[in-house]
Each structure stands twice: as structure tokens, then as C-alpha cells.
Participant: 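Quick one: the structure is below, and I'll ask about it shortly.
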Amino acid sequence: MSVETQTSKTPGTPRFARLKSFLDGDLAHGFFHTPSAVIAALVLLVIALTAIAAPLLSPQNPYDLTQLYLDKAELPPIWSAGGEAPYLLGTDVQGRDIFSAILYGSRISLMIGFASVIVSVLIGITVGLTSGYIGGRIDNFLMRFGDLVLSIPTLLVAILVSAIFRQLLPISLRDAFTPVILTTSIAITSWVQYARIVRASTMVEARKEYVLAARILQLPSSKIMISHILPNVMTAVLVTATLNLGLAILAEATLSFLGVGMPVTQPSLGTLIRIGNQYFFSGSWWVVLFPALQLSLIILAVNLLGDWLRDALNPKLR
């Protein structure tokens, strides 16, 4: 066997070649030469990793009521007078460690944010492809239904959907299904934007020669939409999804702050802010400040990364 043949069959060579090709590409080059995007990505990575590893990093499980001690309630941060180890950022009125609650709360907020965006994208792509490719009465019906959804304030729809689901579920199951309820509530109000973007792109792509050739070959409409049109409209969807991730996380925090989100026994960042807001003027400023800073940091990092991605994938700016 020749040396060239052995080299071509070396395990992992194509994989590293693709990785090197990506790192040498314009997108990676632009990313590593944009400090704000790099910092935002690192911040999101650290927050995501610490949230995933919360059981290993946190000194307390804030969801376990047996680990909460009322005699440790409202302890200030460890660097302040009266602070105690291991409560790095202090405790709330229930003796819950704020640092641990932030790690666990960030995990819930990120999980609901990502899940709601994924569900919204799936619904939006399905509706957008169907509406843009088939057209006619189906297009008019789907788009008018989308206009109806947009005519109602997003938070009002989310609160209404959340309240309906809570009433339909038994009391014993409400807390367990709250993340699913919040994900559904946010996704129902967010899919229209993706549907409009995909519809507009689909109507353009459907007139191009490669789609006409696929029709001449009598390929099924579903195969044409999924295999041919969808890959060419995903760039705009990806940018929109990245920008809307911050809005989804903020929507979950808002619903939890209003009392229709995560319960006190399983607090997200919005729930922690709602709890801490009641004691802000009584001197326990750390109960609301640190969760609010964490939420603001997540939203800022997502928005910075989304802004960079929008500019990087915009062909007019290349």
C-alpha cells in the first residue's frame, strides 16, 4: 500500500481537515477578531457550564427544603460584617444560599429559554415553509392567524396560556410541569416571526432553477421543502433565534416575577428577583441584586453574540 493511500485512510484526518477549514474561514476569523463576541461567548459558556455543574459547585441544593435553615436567614455576603461560610453571596429569608440559587436558577432560565426558542423555530419553519411553498388559501389562513397572534400582547398571551394549563392540571402536577407550561407559553407567542422570515425566503427560493428542476423530476413537495429549500433559509432563522434567545429568557423571568412562572420551591432567576424585591428596602439588598446581575449578564451576552452573528452573516457587510 502506498504512503498516499495510508495517509488518506488515517482515522480522523477528514475531521481535522474540516475543523481547520472552519477555523480558517471568514466566520471564525471574524469571530476571533471581534472582542465583544469572544467575551460574550466566553461569558455564556461559563454561565452554561456552571449551571450544568450546579450540583457539584453549589454548597447547598436550594430546591431541597431539608437543607434550608431559618437560623441562617438573611445572612449578608461573606465579605460583609455578619457573613458566614459557605454562603458566598449571603442567604435569603428562607436560609437559601444565594450563590446556589443563582446556579440552579440559571439552569432553569437557560433551559426554558433554549427550549422555547427551539419549539418556536420548529413551528415557525413548518408554517413558513408550508405557507410560502403552497401559497393560496393556506398561505392566507396561516398568515392571518399569525397576525391575530401578534395583535395580542405577548405577555398577555403567555399569562393566559400559563393560567389555562395550570387550571387543567391537577395541583400535585403543576409544579412539575411548570417548565413545560412556560416553554409552551413563550413558544406560542414567538413562532410568528420565524414563520414570516421562512415564508418570505421560501417564496424567493421556490422560483429558482434548482427548485423548478426538482419539480420537473416530480419529487414530493415535502422533500423539496426540507431537502432543498430549508437549508437555504436557515441563515436568517439562526440569526433571529440567537437574538430571540435573550427575549425568551427575559420573558420567562418576567412571568416568574409576576408570579405565574417557576414556584418558590424551584426558583428561576425571575422568581429570585421577585422574592428579593420584597426585601430590598429592608436592607437585604443582596437577595435581589445578584440574581438581577446574573440575568442582565446573560441577556447582554446573548444580545452581543446575536448582533455579531447578524453582521457576520449579512452578505451586504462582507
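Only heavy atoms go into these numbers, but all of them, side chains included; no hydrogens, no water, no symmetry mates.
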Participant: Tell me whether Tyr133 shares a hydrophobic cluster with Val233, the cluster being built from Ile, Leu, Val, Met, Phe, Trp, Tyr side chains joined at under 4.5 Å.
Facilitator: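 Yes; Val233 is reachable from Tyr133 via cluster members.
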Participant: Would you say CD1 of Ile138 has more than 12 non-hydrogen atoms from neighbouring residues, nucleotides or ligands within 6.0 angstrom?
Facilitator: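 It does not: Ile138 CD1 has 12 such atoms or fewer within range.
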Participant: Measure the CD1-CD1 distance between Ile118 and Ile123 for me, rounded to the nearest 0.5 Å.
Facilitator: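 Answer for the CD1-CD1 pair, Ile118 versus Ile123, is 12.0 Å.
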Participant: Roughly how far apart are Ser131 OG and Phe141 CZ, rounded to 0.5 Å?
Facilitator: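 So the gap between those two atoms works out to 11.0 Å.
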Participant: Around atom CZ of Arg137, are there more than 12 heavy atoms from other residues, nucleotides or ligands closer than 6.0 Å?
Facilitator: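 Result for CZ/Arg137: open.
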Participant: Taking Ile229 as the starting point, is it possible to reach Leu219 by hopping between hydrophobic residues whose side chains are less than 4.5 Å apart?
Facilitator: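 As far as the 4.5 Å side-chain criterion goes, Ile229 and Leu219 are connected within one cluster.
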Participant: Step by step, work out the side chain to side chain contact (heavy atoms under 4.5 Å, CB included) result for Glu84 and Ile78.
Facilitator: CA-CA 5 Å; Glu84 295 183 13; Ile78 195 171; over 6 Å; no
Participant: Between Tyr104 and Tyr63, does the ring centroid distance fall short of 6.0 Å?
Facilitator: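 Between Tyr63 and Tyr104, which both carry aromatic rings, the centre distance is below 6.0 Å.
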Participant: Under the criterion side chain to side chain contact (heavy atoms under 4.5 Å, CB included), I'd like the reasoning laid out for Ile224 against Arg215: C-alpha separation, chi angles, the key distance, then a yes or no.
Facilitator: CA-CA 8 Å; Ile224 295 176; Arg215 288 179 174 177; 4.0 Å; yes
Participant: Could you walk me through whether Glu252 and Thr183 satisfy the side chain to side chain contact (heavy atoms under 4.5 Å, CB included) test, starting with their C-alpha distance in whole Å, then the side-chain angles of each, then the deciding distance to 0.1 Å, before giving a yes or no?
Facilitator: CA-CA 8 Å; Glu252 182 279 324; Thr183 299; over 6 Å; no
Participant: With side chain to side chain contact (heavy atoms under 4.5 Å, CB included) as the criterion, how do Tyr69 and Thr91 come out once you've worked through the C-alpha distance, each side chain's angles and the decisive distance to 0.1 Å?
Facilitator: CA-CA 10 Å; Tyr69 303 101; Thr91 61; over 6 Å; no
Participant: Got a second to check how far Asp307's CG is from Thr242's OG1, nearest 0.5 Å?
Facilitator: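 Between atom CG of Asp307 and atom OG1 of Thr242 there are 10.5 Å.
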Participant: Please assess Glu205 against Tyr210 for the test side chain to side chain donor-acceptor pair (under 3.5 Å), listing each intermediate value before the final yes or no.
Facilitator: CA-CA 9 Å; Glu205 296 294 327; Tyr210 73 93; 2.5 Å; yes
Participant: Hey, are Ser256 and Ser268 close enough side-chain-wise for a donor-acceptor pair under 3.5 Å?
Facilitator: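 Yes - a donor-acceptor pair under 3.5 Å links their side chains.
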Participant: Looking only at heavy atoms, which two atoms of Ile47 and Ile298 are closest? And how far apart?
Facilitator: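 Between these two residues, the closest heavy atoms are CD1-CG1, 3.6 Å.
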Participant: Check the hydrophobic clustering (I, L, V, M, F, W, Y; side-chain heavy atoms under 4.5 Å; chains of links allowed) and say if Leu75 and Leu88 are grouped together.
Facilitator: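 No; Leu88 is not reachable from Leu75 via cluster members.
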Participant: Mind telling me whether Phe290 and Trp79 have parallel, tilted or perpendicular rings, with 30° and 60° as the class edges?
Facilitator: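 Trp79 vs Phe290 ring planes: perpendicular.
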Participant: Any Lys/Arg nitrogen of Asp97 or Lys72 sitting under 4.0 Å from an Asp/Glu carboxylate oxygen of the other?
Facilitator: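 Salt bridge: no.
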Participant: Could you report the tightest heavy-atom contact between Phe99 and Leu57, atom names first, then the distance?
Facilitator: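 Heavy atoms only, the tightest pair is CE2-O, 4.0 Å.
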Participant: Indicate if Ile125 and Leu150 have the same hydrophobic cluster label, given that clusters are the connected sets of ILVMFWY residues with side-chain heavy-atom separations under 4.5 angstrom.
Facilitator: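 Ile125 and Leu150: one cluster.
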Participant: Atom CZ in Arg207, atom CG in Leu212: separation rounded to 0.5 Å?
Facilitator: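 It comes to 10.5 Å.
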Participant: Quick one: pull up CD in Gln266 and OG1 in Thr271 and give me the separation to the nearest 0.5 Å.
Facilitator: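 The OG1 atom of Thr271 is 9.5 Å from CD of Gln266, to the nearest 0.5 Å.
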Participant: Rounded to the nearest 0.5 Å, how far does CG of Asn244 lie from CD of Gln193?
Facilitator: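 Atom-to-atom, Gln193:CD and Asn244:CG are 4.5 Å apart.
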Participant: Side chains of Ser106 and Gln294: is there a donor and an acceptor less than 3.5 Å apart?
Facilitator: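 Judged by distance alone, the side chains do pair up.
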Participant: Under 4.5 Å between side-chain heavy atoms, counting indirect links through other Ile/Leu/Val/Met/Phe/Trp/Tyr residues: same cluster for Phe114 and Leu122 or not?
Facilitator: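 Looking at the clustering, Leu122 is in a separate group from Phe114.
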